[in-house]
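Below is one structure, written out as structure tokens; the observations come after it.
In what follows, chains are A, B, ... by sequence order, proteins preceding strands, each numbered from 1. Since this is a predicted model, take the numbers as computed values, not measurements.
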There are 2 protein chains.
Amino acid sequence: MKLDRHSSIPLYAQLRELILERVQEGTYAPGSKIPSEMEFCQELDLSRPTVRQAVAELVADGVLEIHKGKGTFVTEEVEKIVIPHFTALSFSFLNMNSYENLGLKSIKLLEPDRETDKYFQFPEGHSHPGYWLAEWPLIYDDQVMGNCQSYIPVQIFPDLGQSIASGKRMVDIKSNKYAYLPQKGSLSISARPARNKEAALLEVPRRSYILVAEGPLFARSGHVCEVLRIILRPDLIALELN
Amino acid sequence: MKLDRHSSIPLYAQLRELILERVQEGTYAPGSKIPSEMEFCQELDLSRPTVRQAVAELVADGVLEIHKGKGTFVTEEVEKIVIPHFTALSFSFLNMNSYENLGLKSIKLLEPDRETDKYFQFPEGHSHPGYWLAEWPLIYDDQVMGNCQSYIPVQIFPDLGQSIASGKRMVDIKSNKYAYLPQKGSLSISARPARNKEAALLEVPRRSYILVAEGPLFARSGHVCEVLRIILRPDLIALELN
């Protein structure tokens, strides 16, 4: 990319794209110092305000950082935490051996709702006693990375809420229920702007992009026994798929 | 959520959050018409400019749409195309049976580069003859949904570029090479702002969020035989994980 003095695009915008390109191609490596304003002026025959505005916009975008008294640096991306061997069952509540260290926020009885019901393939007009919602945060290094919601039909696990409130062990909760535990699942992975409540949970600005994994888990019979909705901070987490 | 007239948050901003909450909770369903300015004024005892500013910001955010002469509607999310049974091998070039209908943009010989080399676990200072880069778009309904790049070591497939240029069939390219074809992989799935070139490929504004699946594929021997870098438009595509 070269600067074009006859273009209708202002020079500062061209320079901004030029610097961005050099960052993206690795000419200016993450964490390294980029040339000073003066050096850019000399290299490209530009005025100082032009350089300053290009740099200021890249700082606002989070691409560059000014370290006072030291110069301007390429922002170092945080190394993402990778969730290894991610599968549809990785964050299944029913699949866990214990919930003691999960940081379970609550287990609530919910009315049936349209968005969750759609996964259960209930026949039209089917009424059911609702779901247990188990919700817990994903925390690494004291930092919230994500949030998990698991919806479990009351029909299948009528006493789940009481069992957990009374501290019953997972192995006892699941005994005699093996036919109803998740064997496989079908999660849809996508990215979308956070809803306000999700943004608050993940401690990100409203409508920031989040990574979402959601969908039904199936018991041996083929029936849906759990629905998962996992939201993740894409700046901090990646899923490893094998 | 209720409006608080004693709050330091301006009323229009509170109303904006109130409407957004109603959209996110489904009170105002996707595609449906929301109350008119006048109705909001009456329901909440607000002035018309206050309502107008709240609505205008949600229109700018893409949450609401004004249909001229008809009213204000909740933006209907495009139904995403789901890529079913997505695995690390779904978009492997070497795993394909043919490339005729792929819309292959190019197959280029590339020098070794640091970002791709890191997947190959080469010993320090290892020199190698580089990669073949096969690149193709993911198109559905004449719309670019994503872009795939596959890096294949020249060491393993020395004639790949020539074979494809001469129209050799995939089955012939792969014959006697079965030990070097991908058996499993390890893709990292994340979301991040697009680089400028990626944004251009996907026809999205620069630094829009994209979904990225990238990582190595392994041959039976355990050696890396292909590296994939798949970028997707998260507004149009979701990955189904089983």
Side-chain angles (χ1 to χ4, degrees), chain A residues 1 16-18 20-21 23-26 29 58 61-63 77 80-90 113-115 184-199 206-215 217-218 228 232-242, chain B residues 1 16-18 20-21 23-26 29 58 61-63 77 80-90 113-115 184-199 206-215 217-218 228 232-242:
Chain A
M1 176 175 173
R16 183 191 63 208
E17 296 306 302
L18 175 72
L20 185 57
E21 195 177 281
V23 169
Q24 292 180 346
E25 287 175 347
L58 290 167
D61 275 357
V63 175
E77 265 192 61
K80 285 179 191 169
I81 290 186
V82 176
I83 299 181
H85 308 295
F86 183 76
T87 72
L89 300 185
S90 293
D113 80 86
R114 230 180 32 169
E115 214 182 331
K184 53 181 186 166
S186 167
L187 295 192
S188 135
I189 300 186
S190 58
R192 59 165 172 77
R195 298 170 182 179
N196 286 3
K197 285 179 184 172
E198 295 170 332
R206 65 190 275 277
R207 295 190 52 79
S208 304
Y209 259 74
I210 56 171
L211 204 55
V212 181
E214 75 171 43
L217 308 183
F218 305 96
L228 283 179
L232 302 166
R233 280 186 58 167
D235 54 333
L236 300 177
I237 274 202
L239 301 174
E240 186 206 63
L241 195 66
N242 294 114
Chain B
M1 176 174 174
R16 183 191 64 208
E17 296 306 301
L18 176 72
L20 185 58
E21 197 176 279
V23 169
Q24 291 179 346
E25 289 177 344
L58 290 168
D61 275 358
V63 175
E77 266 193 60
K80 285 178 188 168
I81 289 186
V82 177
I83 299 180
H85 308 295
F86 183 77
T87 71
L89 301 185
S90 293
D113 79 86
R114 226 179 35 165
E115 212 182 333
K184 54 179 186 166
S186 166
L187 296 192
S188 133
I189 299 187
S190 59
R192 60 165 173 75
R195 298 170 182 179
N196 286 5
K197 285 179 184 172
E198 295 169 331
R206 67 190 271 277
R207 294 192 49 81
S208 305
Y209 259 74
I210 56 170
L211 204 56
V212 181
E214 74 171 42
L217 308 183
F218 305 96
L228 282 180
L232 302 166
R233 280 185 59 165
D235 54 334
L236 300 178
I237 274 205
L239 302 175
E240 187 206 62
L241 194 66
N242 294 116

Nearest heavy atoms of B:P234 and A:A191, plus distance in Å: CB-O, 3.4 Å
Please find the pair of heavy atoms, one from B:Q24 and one from A:N196, that lie closest to each other, and give the distance. OE1-N, 2.9 Å
Under 4.5 Å from a heavy atom of chain B, the part of A:F218 involved: neither
Does any backbone or side-chain atom of [X] lie under 4.5 Å from a heavy atom of chain A? Answer side chain, backbone, both or neither.
| X | answer |
| --- | --- |
| B:R195 | both |
| B:E25 | side chain |
| B:L187 | both |

Nearest-0.5 Å distance that lies between atom CD1 in A:I189 and atom CD in B:E240: 10.0 Å
So, does A:R206 use its side chain to make a donor-acceptor pair with the main chain of B:E17 at under 3.5 Å? no
Between A:L89, A:D61, A:L217, A:I83, who has the most heavy-atom pairs with chain B when the cutoff is under 4.5 Å? A:D61
Under a 4.5 Å heavy-atom cutoff, which of B:D113, B:L211, B:L232 has the most pairs with chain A? B:L211
Who among B:G62, B:P193, B:S190 has the most heavy-atom pairs with chain A under 4.5 Å? B:S190
